[in-house]
Amino acid sequence: MIQAFKLAYRNVGRNKTRSLLSALAVGVGMALLLLMVSVLEGEMTGALQNTIRLQSGHLQIRPANYEETKLSLKWEDLIADPGQVAAKIEDLPQVTVATPRLSASAILNLSNESKGVQILGIDPESAANKPFRDGMLSGEFIQADDREGILIGNILAEKLNLKVNDNVNLLVTTSNGDVNEQPFTVRGIFTTRTPGYDESTIFMPLAKAQAITATENHASSIFVLLQNSEDAEAVAQALQSNNLKVLTWREQNQFVVQFEDYANAFFIILYLIVLGITATVVTNTLVMAVFERTREIGILSAIGMKGGGIMAQFLAEAALLATGGVIGGLIIGGAVVAYFTVYGIYIGDYGITGVLFEDRIYAHLTLANTVTLAIVTYVITLVASLYPARLAARMEPVEALHGSGV
Amino acid sequence: MEVTKVTDATRVFKIGEVETKALRGVNLSIEDGEFTALVGPSGSGKTTLLQLIGLLDQPTTGSVVINGQEATHLNRNQRADLRKDAIGFVFQFFALIPTLTAYENVEMPLLLNGTKPAERKKRVNEMLEAVGLSDRAHHRPDQLSGGQQQRVAVARALSTNPKLILADEPTANLDTENGKQVMDIMQRLNKETGVTFVFATHDPRVIGYANRVVTLQDGVITKDSRSNGKP
């Protein structure tokens with residue numbers, strides 16, 4: 001075996017440019033795969049994490065008959081005394097935070113313009129609002145006792161040319177069907193770096209949201225974050241009751257999970273195309289080597305090397321090309337992925353209903369994906385060398401000695 | 001004792017619809033220690049016969065025996081094993097592996113038959129010394145002259161101590177001086193070690209070294225003479 005690698009090493013060095021280009025093809029192929037995998041992983045993980053932290057939470061407790069799309073404000077569709085319910089949930093050891101939220105549709109009116117928005121009544125003190133607090137671009141975060149203050153997203157602010165301390169009117173339909181319009185002051189502008197969210201969401205204190213919608217001590221849902229997302233099903237089981245529905249992040253984000261499955265399947269086709277091209281280059285290189293070294297194959301065969309030994313020679317050459325290619329791929333791919341991990345790829349306002357994409361996709365490369373791709377690239381390169389290796393091994397020595405074995 | 005015996009061997013090559021009979025029923029027995037030349041014009045079948053004896057090719061009909069072992073129906077790997085243990089080759093072109101040094105080329109058959117490192121080193125050095133190339137051991141083929149390369153090929157052929165060395169036109173690509181050197185070495189090793197040599201040639205200078213000359217014409221042996229007067 002050592003002899004096979006020694007001979008293979010020298011044969012690889014015979015035509016350095018060709019060997020380098022072949023290893024480079026393997027390396028570039030692998031680097032491309034690393035980038036594709038890491039961008040897909042980053043996109044999906046980012047979208048899911050974003051949706052969880054901004055919208056769904058790890059768990060969401062709702063009334064049994066609440067329908068999310070209707071944003072119903074009828075009392076029977078809301079949770080009564082939500083602060084008490086949230087406090088009980090927060091006592092569970094797996095729960096990091098539980099906070100009530102009230103969602104309502106509204107129309108934001110300016111003197112010459114109006115726009116449909118979604119009001120989210122929140123408890124400003126809750127730790128669940130950290131993403132919004134961290135994303136404050138100007139002004140201040142709202143206080144629980146603020147009766148006129150709202151927060152608006154930066155995209156909405158830009159589109160309506162609103163600044164901190166500007167006044168707007170909000171028109172809502174109350175719980176009992178009346179229309180209520182009240183003036184508010186923009187206390188601050190935030191960004192979640194999620195264009196779809198930042199264009200349509202307005203925050204106000206829960207008490208004020210309850211007041212303007214006449215829902216009194218009611219909320220649409222309890223937003224729950226857990227210490228470990230994998231505990232979601234167990235905690236959901238523990239919280240089940242007749243009049244409340246507990247939805248886990250998986251149930252709420254089925255579309256994201258399914259989209260990820262679909263994207264994974266689609267990307268497998270792309271991986272196969274990249275690996276197919278790489279394999280073709282390796283096969284071509286080694287077939288050329290077999291043609292060039294036909295007489296040498298005859299000599300080795302004449303002095304007693306069996307077909308398996310000759311095959312091992314070419315497999316060893318492929319292994320060296322694969323090793324060089326994989327190392328090169330890790331270096332090239334690692335550098336490219338590192339860049340996109342830090343700076344991301346700008347995609348702008350790209351959105352799919354129910355999925356909150358950030359305006360940039362950040363590459364996210366896991367050790368498992370790196371190891372898997374390195375092994376897959378290595379194995380594919382070896383598989384690609386089987387044909388030329390078998391071609392060499394099956395040559396009749398007498399024909400090979402005359403340089404006509406192929 | 002017979003080192004090899006060829007019985008009623010024919011070899012027919014078929015290219016498309018055209019059949020060429022390279023050998024037409026050859027019978028030949030080579031005794032241990034002989035220094036035999038296969039001679040004849042181009043196309044007479046001498047190289048084909050050498051390839052059958054060397055198990056590089058198989059007869060269309062007939063049989064080949066090497067060291068008492070019937071080799072006609074052996075599979076590819078069994079023939080490789082028998083070649084490795086019993087036969088050494090010297091080819092017309094200087095058949096060395098270009099990426100290996102002279103030392104490594106001579107060592108290759110010993111690696112294939114699993115000779116231990118210390119014994120391998122000793123044997124390679126002995127062989128290179130026997131062909132007068134100890135000082136060129138670590139040169140690659142492209143750093144050696146044609147004659148030196150052919151001497152390395154002789155050393156390689158002898159490295160595993162086979163009973164039979166087959167040489168196909170060993171001096172055809174060498175000048176007179178180098179050709180003489182190679183033939184002198186082969187003759188000396190034949191006498192010193194008793195190893196059997198069979199070489200195909202049409203070079204009259206080479207034929208003069210042989211103690212047996214087998215003449216082929218159109219695929220049949222037309223004459224078989226020994227220099228000691230035996231028929």
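Side chains are part of it too, since the values below use all heavy atoms of this structure and drop only hydrogens, waters and symmetry mates. We name chains A, B, ... by the order of the sequence lines, and we start the count at 1 in each one. Because the structure is a prediction, the values reported are computed rather than measured.
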Note: [X]-[Y] ion pair, threshold 4.0 Å (strictly below):
{"X": "B:Glu107", "Y": "B:Arg123", "value": "no"}
{"X": "A:Glu230", "Y": "A:Arg250", "value": "yes"}
{"X": "B:Glu126", "Y": "B:Lys121", "value": "no"}

Fill in: Six-ring centre of A:Phe291, A:Arg293 cation under 6.0 angstrom, axis tolerance 45°
no

Worksheet item: To the nearest 0.5 Å, what is the distance between OG (A:Ser301) and CD1 (A:Ile310)?
Response: 4.5 Å

Fill in: Option among B:Leu38, B:Leu28, B:Leu49, B:Val214 that satisfies the side chain to side chain contact (heavy atoms under 4.5 Å, CB included) test with B:Val198
B:Leu38

Discussion item. Taking side chain as everything from C-beta outward and backbone as N, CA, C, O, which of these in B:Leu112 sits under 4.5 Å from a heavy atom of chain A? Side chain, backbone, both or neither.
Written reply: side chain

Worksheet entry | Which atoms of B:Leu82 approach chain A - backbone, side chain, both or neither, heavy atom under 4.5 Å | neither

Practice prompt. Check whether the side chains of B:Asp168 and B:Thr47 place a donor and an acceptor atom closer than 3.5 Å, and report yes or no.
Written response: yes

Practice prompt. With a 4.5 Å cut-off on heavy-atom pairs, point out which of A:Pro397, A:Ala302, A:Gly308 contacts chain B the most.
Written response: A:Ala302

Worksheet, complete the sentence: A:Phe267 and A:Leu40 have their tightest heavy-atom pair at CG-CD2, 3.8 Å

Worksheet item: With only heavy atoms counted, which part of A:Ile299 is less than 4.5 Å from chain B, the side chain, the backbone, both or neither?
Response: side chain

Discussion item. Just to be sure I understand the criterion: a residue of residues 371-381 of chain A counts if one of its heavy atoms is under 4.5 Å from a heavy atom of chain B. Which ones qualify?
Written reply: none

